[in-house]
Protein chains: 2
Amino acid sequence: MLYVYICLMSLRHALMALLAATPMTGYTLAKQFDQSAAFVWHAPHSQIYPELRRLEEAGLIAGHEESRGIRGTKRTYAITDEGRAELQRWVAELSPPPRERDGAYLKATYFEFGSFANARRQFQAHLAHHRQQQRQWEAHVEQLENRDTSLLRLRLAAWPEHLHDAIVAYKAHVYRGLVTRARSEVEWARSGLDLVDRLEAAAGAQDASG
Amino acid sequence: MLYVYICLMSLRHALMALLAATPMTGYTLAKQFDQSAAFVWHAPHSQIYPELRRLEEAGLIAGHEESRGIRGTKRTYAITDEGRAELQRWVAELSPPPRERDGAYLKATYFEFGSFANARRQFQAHLAHHRQQQRQWEAHVEQLENRDTSLLRLRLAAWPEHLHDAIVAYKAHVYRGLVTRARSEVEWARSGLDLVDRLEAAAGAQDASG
DNA sequence: ACAGCCATGTAAGTCGTTACATGATTGC
DNA sequence: GCAATCATGTAACGACTTACATGGCTGT
């Protein structure tokens, strides 16, 4: 029986990529994932801690216990040479495109099951969410371009200077892409609201004439 | 212990929404999901058959065995009134926005771990995939606008005529949104390729001068 | 003393994936 | 006869989610 997931498992590589910038604890990694909006991959700490143990067991990262205050301890992880090699393998690998799976669009497909007011409410929520996302990504792009995030500075320090521009450029390109995405979601919701207005007007006209 | 998924489970509603158009077998439903590119939610048959049984047990759909040829049988499912009510509840409910989780963008963030040639290869694959997606969604929008899909015709037949425009319009709006999405992914990949060209030229210039 | 953050886990469940299986029907 | 398609499942596993838990440190 050969069950092999062909690596949807990006969490592992996201963790290694972060640790390639600087050693960190699980807690700090978790903050990167769910507190800071600046990360492309979400994960809760309950997924991160076990994964770190597995990565350590696989030799891709190395953890060591540090003291924190008098009785407290914390475990700081650093990427290993094997981990770096695995990151390189992963970056070179072509991943299968993700499966289409969008709850908001699915629901919008069937707005006829609800009222015009409901369709409006749904589009408004979509709009509000993605407008906020857009602002967050925009802010992050600016930070990246100014090289003004602590993690980026640490990352740059680990590479020869002639590569710095490329490192920043790739990241800025990603987050600019997310800005564009968010913007087009906003636009989609806005034109959805227009659509609902037109449909409701048409329905009203029909009532009046019928 | 109260573990309740607050309904990421769109598969259930996707199935009911399809069955609201016309009764179907699991096989036919599965084709809608993974053969036809025209569906927003992917699911393999191994997920669909058990889910249908669960929906039936919950009274949201009703299945009945039909004969197929001499010895063969098939099970056709139809939505129930309870199922229709559940669809209405679902459409009226605000779902939490999906978590950011994009493998391609995550990888692109760390292209510095690979070569320029690799970055180019990744962007090209991204471009090719989304260009194809774009064409598929475009074709589907046209079919919808012409009311030229069998499922849509069946669906319209189940509703009073004054609602037909809205039913078509919502669906066309969704698939036009997907076209826009695909287009901006194509554009993102294209400008990614430009970026790699610039970075490589800059690196070459540095080699020459250094 | 207490709040808020730092820090690390476990448990139980759902969702989605690939692979493994089987058999009938239809058309050539 | 044989291939393609119709039709329906199960098994094992990996991925992700929510909730349950615990305890130390820091500043007021």
Side-chain angles (χ1 to χ4, degrees), chain A residues 1-15 23-35 41-56 58 63-77 95-103 106, chain B residues 1-15 23-35 41-56 58 63-77 95-103 106:
Chain A
M1 299 180 193
L2 290 168
Y3 306 99
V4 181
Y5 258 108
I6 34 168
C7 194
L8 287 168
M9 189 186 20
S10 293
L11 172 59
R12 171 166 313 178
H13 297 102
L15 289 168
M24 271 182 269
T25 65
Y27 184 83
T28 315
L29 284 161
K31 275 202 307 180
Q32 297 289 329
F33 280 84
D34 63 34
Q35 173 191 293
W41 198 269
H42 170 268
H45 74 270
S46 63
Q47 207 184 348
I48 291 170
Y49 287 114
E51 190 61 41
L52 287 170
R53 293 290 177 167
R54 278 192 290 269
L55 283 168
E56 185 175 16
H64 80 278
E65 212 78 18
E66 282 175 39
S67 65
R68 196 172 67 94
I70 299 159
R71 268 177 305 267
T73 59
K74 60 178 178 177
R75 195 167 181 80
T76 301
Y77 292 95
S95 313
R99 297 293 164 66
E100 216 56 55
R101 202 167 275 148
D102 186 310
L106 177 66
Chain B
M1 299 181 194
L2 291 168
Y3 306 101
V4 181
Y5 258 113
I6 34 168
C7 193
L8 287 169
M9 190 186 18
S10 294
L11 172 58
R12 171 166 312 177
H13 297 103
L15 289 168
M24 270 182 270
T25 64
Y27 184 82
T28 315
L29 285 162
K31 274 204 305 181
Q32 296 290 329
F33 280 85
D34 63 33
Q35 173 191 295
W41 197 270
H42 170 269
H45 74 271
S46 64
Q47 207 183 348
I48 291 170
Y49 286 113
E51 189 61 41
L52 287 170
R53 294 289 178 168
R54 279 192 289 270
L55 284 168
E56 187 175 14
H64 79 281
E65 213 76 19
E66 282 175 40
S67 65
R68 196 172 68 93
I70 301 161
R71 270 176 304 266
T73 59
K74 61 179 178 178
R75 195 168 182 79
T76 300
Y77 293 95
S95 313
R99 299 293 164 65
E100 216 57 54
R101 203 167 272 147
D102 186 311
L106 176 65

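Only this structure's heavy atoms are used, side chains among them; waters, hydrogens and symmetry mates stay out. Below, chains carry the letters A, B, ... as their sequence lines are ordered, and counting in each starts from 1.
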**Report entry** Close side-chain approach of A/Phe33 to A/His42, heavy-atom, < 4.5 Å
**Finding:** no
Query raised in the report: About how many Å separate CG of B/Leu29 and OH of B/Tyr49, when rounded to the nearest 0.5 Å?
Result: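 With rounding to 0.5 Å, OH (B/Tyr49) is 8.5 Å from CG (B/Leu29).
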Query - Euclidean distance, A/Met9 CE relative to A/Arg54 CZ, rounded to 0.5 Å - result: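 The distance works out to 9.0 Å.
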How many whole angstroms separate atom [atom1] of [X] from atom [atom2] of [N]?
X: B/His13; N: C/dC15; atom1: NE2; atom2: P; answer: 11 Å
X: B/Leu11; N: C/dT17; atom1: CG; atom2: C1'; answer: 13 Å
X: A/His64; N: C/dT8; atom1: NE2; atom2: P; answer: 12 Å
X: A/Glu65; N: C/dG9; atom1: CD; atom2: C1'; answer: 12 Å
X: B/Leu52; N: D/dT10; atom1: CG; atom2: P; answer: 12 Å
X: A/Gln47; N: D/dA19; atom1: CD; atom2: C1'; answer: 15 Å
X: A/Leu15; N: D/dA15; atom1: CG; atom2: P; answer: 12 Å
X: B/Lys31; N: D/dT8; atom1: NZ; atom2: P; answer: 12 Å

Residue [X], side-chain atoms from C-beta onward, closest of [options]:
X: B/Arg99; options: D/dT8, D/dT17, D/dT10; result: D/dT17
X: A/His42; options: C/dT8, D/dT17, D/dA7; result: D/dT17
X: B/Arg71; options: C/dT8, C/dA24, C/dT17; result: C/dA24
X: A/His45; options: C/dT8, C/dC15, C/dT25; result: C/dT8

[N] phosphate, OP1 or OP2: any side-chain N/O from [X] under 4.0 angstrom?
X: B/Arg101; N: D/dT17; value: yes
X: B/Arg68; N: C/dT26; value: no
X: A/Arg75; N: C/dT8; value: no
X: A/Tyr49; N: C/dT8; value: yes

Query raised in the report: So which one's nearest nucleotide on DNA chain D is more toward 5', A/Arg54 or A/Gly69?
Result: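 The residue closer to the strand's 5' end, by nearest nucleotide, is A/Arg54.
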Query raised in the report: For DNA chain D, whose closest nucleotide is more 5', that of A/Pro44 or that of B/Thr28?
Result: B/Thr28
Query - Identified side chain to side chain contact (heavy atoms under 4.5 Å, CB included) counterpart of B/Gln47 within the set B/Leu52, B/Leu11, B/Leu15 - result: B/Leu11
Query raised in the report: What do the steps show when you test A/Met24 against A/Lys31 for side chain to side chain contact (heavy atoms under 4.5 Å, CB included), and what is the final call?
Result: CA-CA 11 Å; A/Met24 271 182 269; A/Lys31 275 202 307 180; over 6 Å; no
**Report entry** Touch class at under 4.0 angstrom, heavy-atom based, for A/Arg53 against every strand present
**Finding:** sugar-phosphate
Query raised in the report: Taking atom types as they are modelled, is there a donor-acceptor pair under 3.5 Å from the base of C/dT18 to the side chain of B/Ser46?
Result: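 Between C/dT18 and B/Ser46, which were checked side chain against base, a qualifying N/O pair under 3.5 Å is present.
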